[in-house]
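What follows is a short report on a single structure.
Counting starts at 1 for both ligands and their atoms, following the listed order. Nothing here was measured: the structure is a model prediction, and the numbers come from that model.
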Amino acid sequence: MLHRPRRNRKNEVVRSQVRETNISVDNLIYPLFVVDGQNVKSEVKSLPGQFRLSLDHLLKEVDECMNLGVKCFDLFPAVDESLKDAMGTYSYSDKNFYLKYIREVKQRFPEAVIMTDVAMDPYSSDGHDGVVKDGKILNDETLEVLGKMSVAQADAGADIIGPSDMMDGRVEYIRDDLDLAGFTDVSIMSYTAKYASAFYGPFRDALGSAPKFGDKKTYQMDPANKTEALIEAELDYAEGADYLMVKPALCYLDIIHMLKENFPIPIAAYNVSGEYAMLKAAAQNGWVDYDRAMPEMLLSIKRAGADVILTYFAKEFAQMVKGK
Ligand code: PBG
């Protein structure tokens, strides 16, 4: 036998020499849920190990993560129902606690990179990502709200704006608004191929942001479609996105791979709440070995072509790497 591929697997030194993919904490973004108040740290039932944090706990969490090497955070606000309205006006209000938290984190940790979420759902009394009229989600009317929200977040100190709403034309609209307001250095990580997925369930529990009627299928993509992701990616790239994101990650590795092959900018993947919950549940039952399965999941997303991974596993991965 001339070829014995097993020779390159014979011990760990050789295996690490020839390993094609490595994953580092540098590639990870840690999503965190925040809530108004003081001394609040309430666990999200369907996301064991993930919490809604008030500012004091948020600062502590960021500090711990920074020490572990996790330096980029995507913040999501859980907003009180009484502050929600049809136009999501709280999203850019001076009184918005989320904007205040961003300011505080950036002040305390200037070297932390803060990503924010742009979509109306946490602020909308309809629970949709856009403006609703007669049961329909309006595209162009929503852009105006998204633009204002983006500028308010950039003004608070956000480094990366993450439009997760799937309205057409929003990347260009937001880019224009940011530039006009002088935020030319603020990046846009566009949720480019965001699918109408069942795997967002625990996230909507965390924020109480589930749609009050219907579903998100008229704006989020059909899980059956692949070519359509190319159309979305071409638009976002042309409109000035700095990163293209695929979401969810694990059921959509083919999409990650395709975008990586076709576009010259960094590809991000969102390892979503339902994916985290599935593994946590199986591990709690003793059905899979968490310590092996978790890094294997992250590795598969990286191997598919993601440069950056948003994942609730970020902190535990960093702890694992550091042997803590
Ligand atoms: C809101 C938003 C969602 C997620 C990120 N931003 C939910 C949705 O579109 O309903 C999901 C993240 C996750 O499940 O971890 N636009």
Side-chain angles (χ1 to χ4, degrees), residues 28-34 44-52 73-79 84 88 90-91 98 115-132 137 139 142-143 145-146 149-150 153 158 160-168 170-171 174 188-223 232 243 245-252 268-281 297-298 301 306 308-315:
L28 306 183
I29 298 178
Y30 192 20
L32 293 172
F33 303 110
V34 294
V44 183
K45 256 207 194 108
S46 48
L47 287 174
Q50 305 301 317
F51 301 83
R52 300 175 199 86
F73 306 89
D74 192 0
L75 305 183
F76 294 95
V79 175
K84 300 182 183 181
Y90 185 69
S91 63
Y98 179 66
M115 172 166 168
T116 51
D117 196 60
V118 169
M120 283 178 62
D121 54 335
Y123 310 99
S124 147
S125 42
D126 297 299
H128 274 284
D129 293 20
V131 177
V132 177
I137 291 48
N139 195 87
T142 300
L143 298 181
V145 183
L146 301 177
M149 202 185 303
S150 303
Q153 293 171 355
I160 304 174
I161 301 289
S164 67
D165 53 279
M166 289 304 276
M167 297 301 121
D168 293 333
R170 91 274 209 213
V171 172
I174 291 171
I188 298 178
M189 183 184 288
S190 175
Y191 287 61
T192 295
K194 177 173 179 178
Y195 288 87
S197 167
F199 291 97
Y200 308 148
F203 174 97
R204 295 177 189 171
D205 288 346
L207 299 190
S209 64
K212 303 276 163 51
F213 69 89
D215 52 42
K216 299 193 175 183
K217 290 180 186 168
T218 66
Y219 45 108
Q220 298 180 348
M221 285 176 59
D222 184 337
E232 288 287 0
Y243 311 72
M245 189 205 293
V246 176
K247 174 184 179 183
L250 292 172
C251 290
Y252 300 86
Y270 200 138
N271 181 206
V272 298
S273 56
E275 299 172 331
Y276 173 90
M278 271 198 303
L279 179 53
K280 281 284 174 178
M297 270 191 177
L298 296 179
I301 298 168
V308 181
I309 304 172
L310 296 98
T311 179
Y312 303 94
F313 294 121
K315 187 181 183 189

query: Can you check whether Tyr191 has an N/O within less than 3.5 Å of an N/O in ligand 1?
result: no

field: Main-chain N/O of Ser190 paired with Thr192 side-chain donor or acceptor, under 3.5 Å
entry: yes

task: Output the list of atoms in ligand 1 that are nearer than 4.0 Å to some heavy atom of Gln220, sorted by atom number.
output: 8 (C), 9 (O)

task: Report, as yes or no, whether the 6.0 Å neighbourhood of atom NZ on Lys45 holds more than 12 heavy atoms from other residues, nucleotides or ligands.
output: no

query: For residues Tyr30 and Gln50, is any side-chain donor paired with an opposing acceptor at under 3.5 Å?
result: yes

message: Among all protein heavy atoms in this structure, tell me which lies nearest to atom 2 (C) of ligand 1, with the distance rounded to 0.1 Å.
response: Lys194 NZ, 3.4 Å

message: Among all protein heavy atoms in this structure, tell me which lies nearest to atom 8 (C) of ligand 1, with the distance rounded to 0.1 Å.
response: Lys216 NZ, 3.3 Å

- prompt: Numbering the atoms of ligand 1 from 1, which are under 4.0 Å from a heavy atom of Tyr312?
  reply: 12 (C), 13 (C), 15 (O)

- request: Name the closest protein heavy atom to atom 5 (C) of ligand 1, giving the residue it belongs to and the distance to 0.1 Å.
  value: Lys247 NZ, 2.6 Å

query: Just which atoms of ligand 1 are under 4.0 Å from any heavy atom in Ala119?
result: 16 (N)

- prompt: Within 45° of the six-membered ring axis of Tyr270 and under 6.0 Å from that ring's centre, is NZ or CZ of Lys194 located there?
  reply: no

message: Within the 4.0 Å heavy-atom shell around Arg204, which atoms of ligand 1 are there?
response: 8 (C), 10 (O)

- prompt: How does Val272 reach ligand 1, if at all, at less than 4.0 Å between non-hydrogen atoms: by side chain, backbone, both, or neither?
  reply: both

Ligand 1 contacted by Tyr276 (non-hydrogen, < 4.0 Å): no

- prompt: Under the side chain to side chain contact (heavy atoms under 4.5 Å, CB included) criterion, do Thr311 and Met297 qualify, and how do the steps go?
  reply: CA-CA 10 Å; Thr311 179; Met297 270 191 177; over 6 Å; no

query: Do Glu275 side-chain atoms and Val272 backbone N/O form a donor-acceptor pair below 3.5 Å?
result: yes

message: I need the nearest protein heavy-atom contact for atom 14 (O) of ligand 1: residue, atom name and distance, please.
response: Ser273 OG, 2.7 Å

message: Looking only at distances, can you tell me whether any N or O atom of Asp165, backbone or side chain, sits closer than 3.5 Å to an N or O atom of ligand 1?
response: no

query: Would you call the rings of Phe313 and Tyr276 parallel, tilted or perpendicular if under 30° counts as parallel and over 60° as perpendicular?
result: tilted

task: Look at Lys216 together with Asp129 and state whether they make a salt bridge at an N to O cut-off of under 4.0 Å.
output: yes

message: If the cut-off is 4.0 Å to any non-hydrogen atom of Asp129, which atoms of ligand 1 fall inside it?
response: 16 (N)

- request: Please step through side chain to side chain contact (heavy atoms under 4.5 Å, CB included) for the pair Val132 and Lys212, ending with a clear verdict.
  value: CA-CA 11 Å; Val132 177; Lys212 303 276 163 51; over 6 Å; no

message: Donor-acceptor check, side chain of Arg52 to backbone of Ala206, threshold 3.5 angstrom: yes or no?
response: yes

- line: The answer for which part of Tyr270 has a heavy atom under 4.0 Å from ligand 1 is side chain

statement: atom 1 (C) of ligand 1 has as its nearest protein heavy atom Asp121 OD2, 2.9 Å

field: Contact with ligand 1 for Glu275, non-hydrogen, under 4.0 angstrom
entry: no

- prompt: Is atom OH of Tyr243 surrounded by more than 12 heavy atoms (other residues, nucleotides or ligands) closer than 6.0 Å?
  reply: no

- prompt: So which heavy atom in the protein is nearest atom 16 (N) of ligand 1, and how far is it from that ligand atom?
  reply: Ser164 OG, 2.8 Å

